[in-house]
Amino acid sequence: MSLCVWTAGKTLIFAATTFSLSWTHSVEKVVWQEDWKIADVGLKLMTARVKGSGAGMEPGEGAILRGGWWEWHPSLIEQKELVLATSGAANSVWQLCLPNECVDLAEQTSAPIKVWSCP
């Protein structure tokens, strides 16, 4: 399996079974990270972390403080795809990290970014 990402009018394909997404909240300036894996039906959220808290950025149930990050394991069913909201006016972009590289996604677009598993 591979990871497909549609952004800025093109599809990117990455050979990976795990990836992380991160962004900084535009108002609270709090960093959020999520670790995902490609699963049988789609994408499975394994771990989430937030570097602090604020409006809409509260740590999840069962979170523990580890290295300055609140970390927890969300109970979200597998997702067929992720649709990431974007705004050209935001101060932060989505960052996709694979085991060997990180890529900033669509810095100058307001179109949603789509992420899914692909053969």
Side-chain angles (χ1 to χ4, degrees):
M1 296 297 277
S2 297
L3 182 69
C4 287
V5 178
W6 185 85
T7 182
K10 61 185 173 183
T11 300
L12 308 172
I13 301 173
F14 300 98
T17 57
T18 61
F19 64 97
S20 295
L21 289 171
S22 65
W23 67 97
T24 301
H25 191 279
S26 61
V27 174
E28 297 292 339
K29 308 297 187 239
V30 174
V31 179
W32 189 288
Q33 296 178 340
E34 296 176 343
D35 297 330
W36 292 83
K37 77 172 189 175
I38 296 176
D40 295 333
V41 178
L43 304 173
K44 175 72 177 156
L45 178 57
M46 303 304 293
T47 307
R49 286 177 297 287
V50 63
K51 187 90 173 185
S53 62
M57 300 294 287
E58 292 79 16
E61 185 176 332
I64 58 170
L65 188 60
R66 182 177 289 144
W69 293 82
W70 286 102
E71 182 175 294
W72 68 99
H73 301 283
S75 57
L76 182 67
I77 63 170
E78 289 182 16
Q79 303 293 300
K80 291 188 188 249
E81 71 176 6
L82 306 177
V83 179
L84 310 177
T86 61
S87 167
N91 295 331
S92 175
V93 297
W94 288 94
Q95 185 176 59
L96 171 74
C97 288
L98 305 159
N100 296 320
E101 69 176 312
C102 290
V103 178
D104 290 341
L105 300 175
E107 291 185 55
Q108 301 300 320
T109 186
S110 60
I113 298 167
K114 293 184 182 181
V115 180
W116 69 98
S117 64
C118 54

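Values below: all heavy atoms of this structure, side chains included; hydrogens, waters and symmetry mates excluded.
Within the structure, salt bridge (charged side-chain N to carboxylate O under 4.0 Å, His left out) contacts touching residues 42-54 (residues at least two apart or in different chains) are Asp35-Arg49, Arg49-Glu71.
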### Query
Run the side chain to side chain contact (heavy atoms under 4.5 Å, CB included) check on Leu105 and Trp23 step by step: do they pass?
CA-CA 10 Å; Leu105 300 175; Trp23 67 97; over 6 Å; no
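Minimum heavy-atom separation, Ile38 to Ser2: CD1-O, 3.3 Å. Heavy atoms only, all atoms of each residue included: Ser22 and Gln33 are closest at CB-CG, 3.6 Å. Closest heavy-atom contact between Lys114 and Val83: CG-CG2, 4.3 Å.
Centroid-to-centroid, the aromatic rings of Trp32 and Trp72 come within less than 6.0 Å.
Distance alone, capped at 3.5 Å, places no donor-acceptor pair between the Trp70 side chain and the Ala48 backbone. Put simply, the side chain of Glu101 never gets that close to the backbone of Pro99: no donor and acceptor are under 3.5 Å apart. Counting only distance, with no hydrogens or angles, the side chain of His73 and the backbone of Met46 share a donor-acceptor pair below 3.5 Å.
Phe14 has its side chain within reach of Leu96: a pair of non-hydrogen atoms, C-beta onward, lies under 4.5 Å apart.
In terms of hydrophobic clustering, with Ile, Leu, Val, Met, Phe, Trp and Tyr side chains grouped at heavy-atom distances under 4.5 Å, Val103 and Leu3 are assigned to a common cluster. Residues Trp69 and Ile64 do not share a hydrophobic cluster, defined by chaining ILVMFWY side chains whose heavy atoms lie under 4.5 Å apart. Hydrophobic clustering keeps Trp6 apart from Leu82 (ILVMFWY residues linked when any side-chain heavy atoms are closer than 4.5 Å, directly or through intermediates). In the hydrophobic clustering of ILVMFWY residues, with side-chain heavy atoms under 4.5 Å counting as a link, Leu21 and Met1 come out together. A continuous path of ILVMFWY side-chain contacts below 4.5 Å connects Leu76 to Phe19, so both sit in one hydrophobic cluster.
Atom CG of Leu98 is separated from atom OG1 of Thr17 by 10.0 Å, given to the nearest 0.5 angstrom. We find the CD-OG distance between Gln95 and Ser20 to be 9.5 Å, quoted to the nearest 0.5 Å.
Val41 belongs to no hydrophobic cluster, as no Ile, Leu, Val, Met, Phe, Trp or Tyr side chain comes under 4.5 Å of its own.
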